[in-house]
There are 2 protein chains.
Amino acid sequence: MEDGTAERIRPRDRILETARDMFHKHGIKGVGVDAITEAAGTNKMTLYRHFESKDDLVIECLRATACSANAMWQKFEAEHPGDKLAQLHAWVRMAADCLMMDGRGCDMANAAIELSETDHPARRVIKELKQAQRDRLVGLCRDAGIGQAELLADTLSLLLEGARVSLQSVGAEGPSAQFVRMAEGLITSFRGAAAR
Amino acid sequence: MEDGTAERIRPRDRILETARDMFHKHGIKGVGVDAITEAAGTNKMTLYRHFESKDDLVIECLRATACSANAMWQKFEAEHPGDKLAQLHAWVRMAADCLMMDGRGCDMANAAIELSETDHPARRVIKELKQAQRDRLVGLCRDAGIGQAELLADTLSLLLEGARVSLQSVGAEGPSAQFVRMAEGLITSFRGAAAR
DNA sequence: CTAGGGTGTTACCGGTCTGTAACTTCTAGA
DNA sequence: TCTAGAAGTTACAGACCGGTAACACCCTAG
């Protein structure tokens with residue numbers, strides 16, 4: 001065989017990236033394949049040569065999002081090698097930054113809400129990827145020497161998830177404005193409980 | 001005039017209630033007006049005689065949801081008259097029950113996510129109603145004698161909002177399973193801080 | 001130069017969506 | 001009983017949706 005799909009211009013990547021952006025901004029059911037391909041500077045046929053269906057494209061977008069999240073976790077480790085507590089604080093800061101500048105919430109959660117059919121193929125993927133993120137946060141808390149690592153990680157998860165959705169319903173001046181204070185307070189509290 | 005829209009059979013109410021149920025289960029963009037009217041045992045023309053548009057129907061449904069929430073708060077006061085702390089615990093219990101038996105999250109939050117257009121008429125309504133709920137929870141915390149009432153109320157809000165969305169993305173075995181433990185722990189913690 | 005795969009273009013299919021028009025049927029009240 | 005208004009029925013408009021077929025065009029590897 002040749003050297004696989006080479007490094008050219010690759011409309012597939014343009015479609016994928018454009019779709020991620022548009023799904024994020026307007027929701028999955030809020031944007032059609034025509035709009036995506038037009039924004040990506042290509043056409044519908046090319047999309048369907050690279051993706052089986054719109055659902056397939058959605059799933060691929062979610063995987064790409066998870067991949068981006070992976071990169072962030074690696075950045076935490078690179079910036080604070082070995083210092084798990086610093087990495088946890090970096091996670092809080094990153095989460096807050098995303099809240100501030102984004103406006104729209106987590107792609108996975110939004111997709112889960114939009115795709116209400118319980119047997120939708122994307123739901124399996126969402127559950128897997130979310131579970132992986134949860135496990136990683138639990139691991140970080142545990143490695144940071146926190147006693148009830150699962151409970152802290154789950155609480156932080158819910159706080160962030162809640163902040164993201166509250167940002168869209170109540171607005172930026174709502175409860176989500178206090179996210180950092182809550183998260184840092186919780187970490188302090190859980191660390192105190194462990195030291196005792 | 002006659003005695004206004006009398007107390008007969010009233011297809012309008014059937015449409016409204018059916019729409020609430022179907023929007024809740026399948027999302028707003030996931031159900032069409034034809035499906036609503038058929039499930040309500042009526043037809044599209046009758047719907048459009050009572051509601052200006054689908055968006056108008058959506059808004060009316062959200063108002064009805066807010067009305068139901070109002071009734072819950074009155075039940076708290078009726079069951080624990082004057083005892084604000086008991087009412088706060090009742091709120092936690094009610095929230096947990098809703099989580100358990102429902103599966104789909106908060107109609108307002110789901111709508112806010114689905115209706116991503118920033119100028120959508122429903123967004124104003126959602127913000128108002130969510131703000132009102134927040135104010136009420138803050139008031140309850142304050143009246144229960146908790147020092148940092150706003151911070152506790154906002155934290156509880158985010159936890160519940162997060163639990164609702166996490167239930168849909170990660171599932172029932174995810175972080176949302178710990179909601180009661182987190183909420184009760186927070187209340188205890190905040191009460192301790194006030195007593196000191 | 002040539003062959004072939006990736007790409008672009010156009011047109012189309014069948015379905016669903018919101019919303020409306022015109023007409024008939026029912027029902028309640030005087 | 002008669003009448004007015006609410007409700008049901010059918011058909012339709014116009015737009016958009018996901019997905020496909022057929023064909024012309026590159027552009028590069030050999």
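The sequence lines fix the lettering, A, B, ..., with proteins before strands; numbering per chain opens at 1. Just so it is clear, the values below take in all heavy atoms, side chains as well, and ignore hydrogens, waters and symmetry mates. Because the structure is predicted, anything quoted here is derived from the model rather than measured.
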How many whole angstroms separate atom CG of A:N43 from atom P of D:dC23?
17 Å
From CG of A:D13 over to C1' of C:dT7, roughly how many Å is that when rounded to an integer?
15 Å
What verdict does the side chain to side chain contact (heavy atoms under 4.5 Å, CB included) test give for B:Q133 and A:V170, after you've listed the backbone C-alpha separation in whole Å, the side-chain angles of each residue and the deciding distance to 0.1 Å?
CA-CA 10 Å; B:Q133 288 185 12; A:V170 205; over 6 Å; no
Could you state the CD-P distance from B:E38 to C:dT16, rounded to the nearest angstrom?
12 Å
Under 4.0 Å between a side-chain N or O of A:H50 and OP1 or OP2 of C:dT7?
yes
Can you check whether A:Q168 reaches B:R123 side chain to side chain, under 4.5 Å on heavy atoms?
yes
5'-most contact on DNA chain D (nearest-nucleotide basis), A:E52 vs A:G30, goes to A:G30
Look at the side chain of B:K54 against the base of C:dG19 and say whether a donor-acceptor pair falls under 3.5 Å; ignore hydrogens and angles.
no
As a quick check of understanding, evaluate salt bridge (charged side-chain N to carboxylate O under 4.0 Å, His left out) for A:R142 and A:E150, giving each step before the final call.
CA-CA 8 Å; A:R142 199 190 320 272; A:E150 292 90 351; 3.2 Å; yes
Apply the test side-chain hydrogen bond (donor to acceptor under 3.5 Å, both in side chains) to residues A:S68 and A:R20: give CA-CA distance (whole Å), side-chain angles for both, the deciding distance (0.1 Å), then the verdict.
CA-CA 12 Å; A:S68 303; A:R20 272 184 72 186; 3.2 Å; yes
Side-chain N or O of A:T46 versus OP1/OP2 of C:dG8: is the shortest distance under 4.0 Å?
yes
Write down the distance between OH (A:Y48) and P (D:dC17), rounded to a whole number of angstrom.
11 Å
I want to verify a distance call: between D:dA7, C:dT18, C:dT9, whose nearest atom is closest to the B:P11 side chain?
D:dA7
When you measure only distances, ignoring hydrogens and angles, does the side chain of B:R49 come within 3.5 Å of the base of D:dG8 through a donor and an acceptor?
yes
Take atom NE2 of A:H120 and atom P of D:dG18, then tell me their distance rounded to the nearest Å.
12 Å
When the distance from CG of B:D34 to P of D:dA11 is rounded to whole Å, what number comes out?
14 Å
Residue-phosphate contact under 4.0 Å: A:S53 side-chain N/O, D:dG18 OP1/OP2
no
Are any non-hydrogen side-chain atoms of A:L47 and A:T42 less than 4.5 angstrom apart?
no
I need the CG-C1' distance between A:D55 and D:dG19, as an integer number of Å.
12 Å
When rounded to whole Å, the CG to P distance for the pair B:L47 and C:dC17 reads 14 Å
The side chain of A:K44 lies closest to which of these nucleotides: D:dC12, D:dG18, C:dG8?
D:dG18
Just compare C:dA21, C:dT18, D:dG18 and give me whichever is closest to any side-chain atom of B:M45.
C:dA21
